[in-house]
Structures are given as structure tokens and as C-alpha cells.
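I have placed the structure first, in the form of C-alpha cells, so that the comments after it can refer back to it.
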Protein chains: 2
Amino acid sequence: MFEHNSRHNNNDETVLPIPSNNETSYFDESWTEDDLKQIIRKMNLKVTPQRILILQTLHEGRVHITAQELYEKVQKINSDVGFATVYRFLKGMAESRVVTELRMGSMPTRYELTPKKHHDHMTCTACGKIVEFQNKNIEDHQEKVAKQYGFKLTHHVLELYGICTSCQMKK
Amino acid sequence: MFEHNSRHNNNDETVLPIPSNNETSYFDESWTEDDLKQIIRKMNLKVTPQRILILQTLHEGRVHITAQELYEKVQKINSDVGFATVYRFLKGMAESRVVTELRMGSMPTRYELTPKKHHDHMTCTACGKIVEFQNKNIEDHQEKVAKQYGFKLTHHVLELYGICTSCQMKK
DNA sequence: TTCTAATTGAAAATGATTCTCATTACTAGT
DNA sequence: ACTAGTAATGAGAATCATTTTCAATTAGAA
């Protein structure tokens, strides 16, 4: 299995949902400093230079980043940011659903800015490649199940695991 | 969120899928020592008294147990079993899909003997209650998605999070 | 500007998981 | 049943992500 295989590669190559495009990030729009401040205020948090920098770096960087990776990136820009701050802020943003936590297997938690279009993940357990996909049918059925048991859904985690095309051919 | 709420209860009350019944465990059949040995051999592991005891205890006990809890239970019966053994064996069984790992939020991993009828979990983020459900439609759509991207699926994780009926009324 | 509570960074604490290694115990082959 | 070869074991140490602590600093309301 993925989580027990120390030989898998470490990149988290991401295949964008069909239709794919050439964007580096989902967020083609750029965020001004005011945008960033707005987002922080909406979380009922005070605006600090650290938080602005962290959020900005998260937005500009690639998706699926770990707290450690984000910390290192931010460090290079301004060493007046501690790991605890990055970590705490990520947690806070996760609570406010500004970012989404991805826990795949037993690897360190990765974060992504919550995309406007919800998607789920399919991971190749051989090479670690992550494919993102959307499927309204699945969502609909989830709601049905929730209703059946009287639950009011807040969110969900759907992760498919398997072997991707190229790994199937290799082996 | 669940994982940040230190006030949620710690029991993992489980609601069986409709139609429910009065069984303590999914496994009404009892396992003889030979059954246990067979299962261990099928995993290409040697039969040892520790593994027999661990598997037996897992089978008799409630579902959704942590490595620590299982270790404590097994300890009471035979103190010649170390935590490492329990832990390693659980990992091994997870790899062979004899048990399934449940990672809900950031709480310690829980294990359950992989039920013959696959099911997923819906968790109340207020009280921690776990409902198990089956839904063939969702599974079918998952396969469709996988085929679309050329993946051969091995397994998946689907966890719904929300507020259960009684917690909705409380608040 | 002043005050207060929120935020911060560094380091230590925690907690789960994983590894190490000397010892013991399976089991296949006799 | 005996034995060699290998797998498994337990205790504890190591690792790693995550979380907390706390004294110093800072944001932002009044």
C-alpha cells in the first residue's frame, strides 16, 4: 500500500480535472493585499503581516502543500515567521473552510485553498500521482444517505486509491 | 470541527446500517482456533500465540478499536504481548485488507475487521457518533470515474461529516 | 495614544507511529 | 522428534507530525 511503501516518489503530481488547462493554480485571479486582509477578517482573526504572507504564499504556490513546506517557503521571504504561526493559521483556515486538509494514507497533512468547485481525489498507490475529479452524482447520493439518517452534512472526504494507467503498464 | 473540539465525547457509538439488529459485532459466526490460524496463514505470516490472541480479541470485541485499546485488552489476557506486536500485526492486516484502517479527523487510527459487506462511515462532528452505511450507487459512480481516468481501483475512503438528528435538536 | 486581548516565535511537550536489536519461537526439511 | 534458518517478538528508543506553553510583542478598538 501507498502508506507503507517508502519507495513511492515524493512529488505530488496533480492532474487537473477534465477539462484541464495550463494554469499553475486553480486561482487565476490574483489577490491584492486588501483581498487577503478581507479573507483574514472574515475568519474573525486579526490581520498580521505573518498571516498576509502565509495566505499569499499559499495562494501563489502549488496546491497540496504541507505545513512544513509552506513554512519553508515563507521563511525564505521573511524569516520573522515561526512554524507555529504557519501551523496555527493553517488549522484556523481549515476550521473556517478557507483551506481544506488532505490526509492521504499516513503521510503528513496537505493543505489546499478550498476550491470554489468542490472536487475529490484519486491517488495512485504506486507512484503517488493525484488526480482530482468532480462528480455530482456521487454528491447527490451522499445527500440522500445523509437525509436517510437525519444528518445535516457539513463536508466529506472521498479518496479513491488505485493504480494509474502508466503504473499498470510498468508492472 | 470535530478534531478541534475537545468537548466531544469519546465513545464511538456505532449505528448499524439499516436494517439494524442486536448483534454486538458484525460477525455472528464464531471463529475457531483453526479459523484464526487459517486467516493468519493466508496473509503469509507465521502462526504465533500472540497473533491468534490479537485476532481473536479483535474479532470478539467491538468494532472501531485503536491499536492502544486493543493492546490493553490483549494485555489483560496475556501480558506476553507487546505493543509493537499488536501495532505491527494490525498494520500487516491492513495491508492484506483483513482489517480496515479508519482515520477520522486527526484522531488515532481505528481498526475494524474488514466486513464482507463494504460500508462507509458518517460521523457526527458534535458528538462523535458513527453511522455506517452502504450505497451501491456511490460505488458504481466511483468505478465510472476511475475508468474515465484509466485507474484500476483498489479501495477507497468515504467519510461524511455532519450533525446527527439529536445534536441538531440540542443546538 | 492607550489599553487589552490576540498573536507571535522558540522551544518544549505530546502522542502516535515506527524502528532497532538482542532474544525467542515457528516450521520446513530431515 | 530434531535442527537449522528465518521470522517474530518485546522493550525501549527514535522519529515525526502536531500541539501547547509562555513571555514578549502587536493589532485595533476606544
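If you're wondering where the values come from, they're calculated on a predicted model, not measured in any experiment. Reminder, nothing fancy here: chain letters follow the sequence lines and each chain counts from 1.
For the pair Gln134(A)/His118(A), no side-chain contact is recorded, criterion being any heavy-atom separation below 4.5 Å from C-beta on. By the 4.5 Å heavy-atom criterion applied to side chains, Phe151(A) and Val131(B) are counted as neighbours.
One distance of note links CD of Gln68(A) with CD of Glu72(A); it measures 4.5 Å at 0.5 Å rounding. The CG atom of Leu45(A) sits 11.5 Å away from the CZ atom of Arg88(A) when rounded to the nearest 0.5 Å.
Atom-to-atom, CG of Asn44(B) to P of dA8(D) comes out at 10 Å; the value is rounded to the nearest Å. Between Met107(A) atom CE and dT18(D) atom C1' there is a gap of 17 Å when expressed in whole angstrom units. Note: CZ (Arg88(A)) to C1' (dA17(D)) measures 16 Å, nearest angstrom. dT18(D) atom P lies 12 Å from atom CG of Leu102(A), rounded to whole Å. Taking atom CZ of Phe83(B) as the reference point, atom C1' of dT17(C) lies 7 Å away to the nearest angstrom. Going from atom NZ of Lys46(A) over to atom C1' of dA27(D) covers 5 Å, rounded to whole Å. Taking atom CE of residue Met43(B) and atom C1' of nucleotide dA7(D), one finds them 15 Å apart after rounding to whole Å. What separates CD1 of Ile65(B) from P of dA16(C) is a distance of 14 Å, to the nearest Å.
For Lys117(B), there are no salt bridge (charged side-chain N to carboxylate O under 4.0 Å, His left out) partners, not counting sequence neighbours.
Note on Lys91(A) versus Glu101(A): salt bridge recorded, some NZ/NE/NH1/NH2 to OD/OE distance being below 4.0 Å. Salt bridge absent: Glu159(B) and Arg103(B) never bring a charged side-chain N and a carboxylate O closer than 4.0 Å.
Comparing Ala84(A) and Leu45(A), the nucleotide of DNA chain D nearest to each residue sits closer to the 5' end for Ala84(A).
The side chain to side chain contact (heavy atoms under 4.5 Å, CB included) with Asp140(A) is formed by just one residue from the set Lys144(A), Lys136(A), Glu143(A); it is Lys136(A).
Within 4.0 Å (heavy atoms only), Thr109(B) reaches sugar-phosphate atoms of the nucleic acid but no base atom.
Within residues 68-82 of chain B, the residues having any heavy atom under 4.0 Å from DNA chain D are, by residue number, Asp80(B), Val81(B), Gly82(B). Applying a 4.0 Å cut-off to non-hydrogen atoms, the residues of residues 48-56 of chain A that approach DNA chain C are Thr48(A), Gln50(A), Arg51(A), listed by residue number.
Of the candidate nucleotides dG28(D), dA16(C), dA17(D), dA17(D) has the atom lying nearest to any side-chain atom of Pro108(A).
Looking only at atom types and distance, the side chain of Asp120(B) has a donor-acceptor partner in the side chain of His156(B) under 3.5 Å away.
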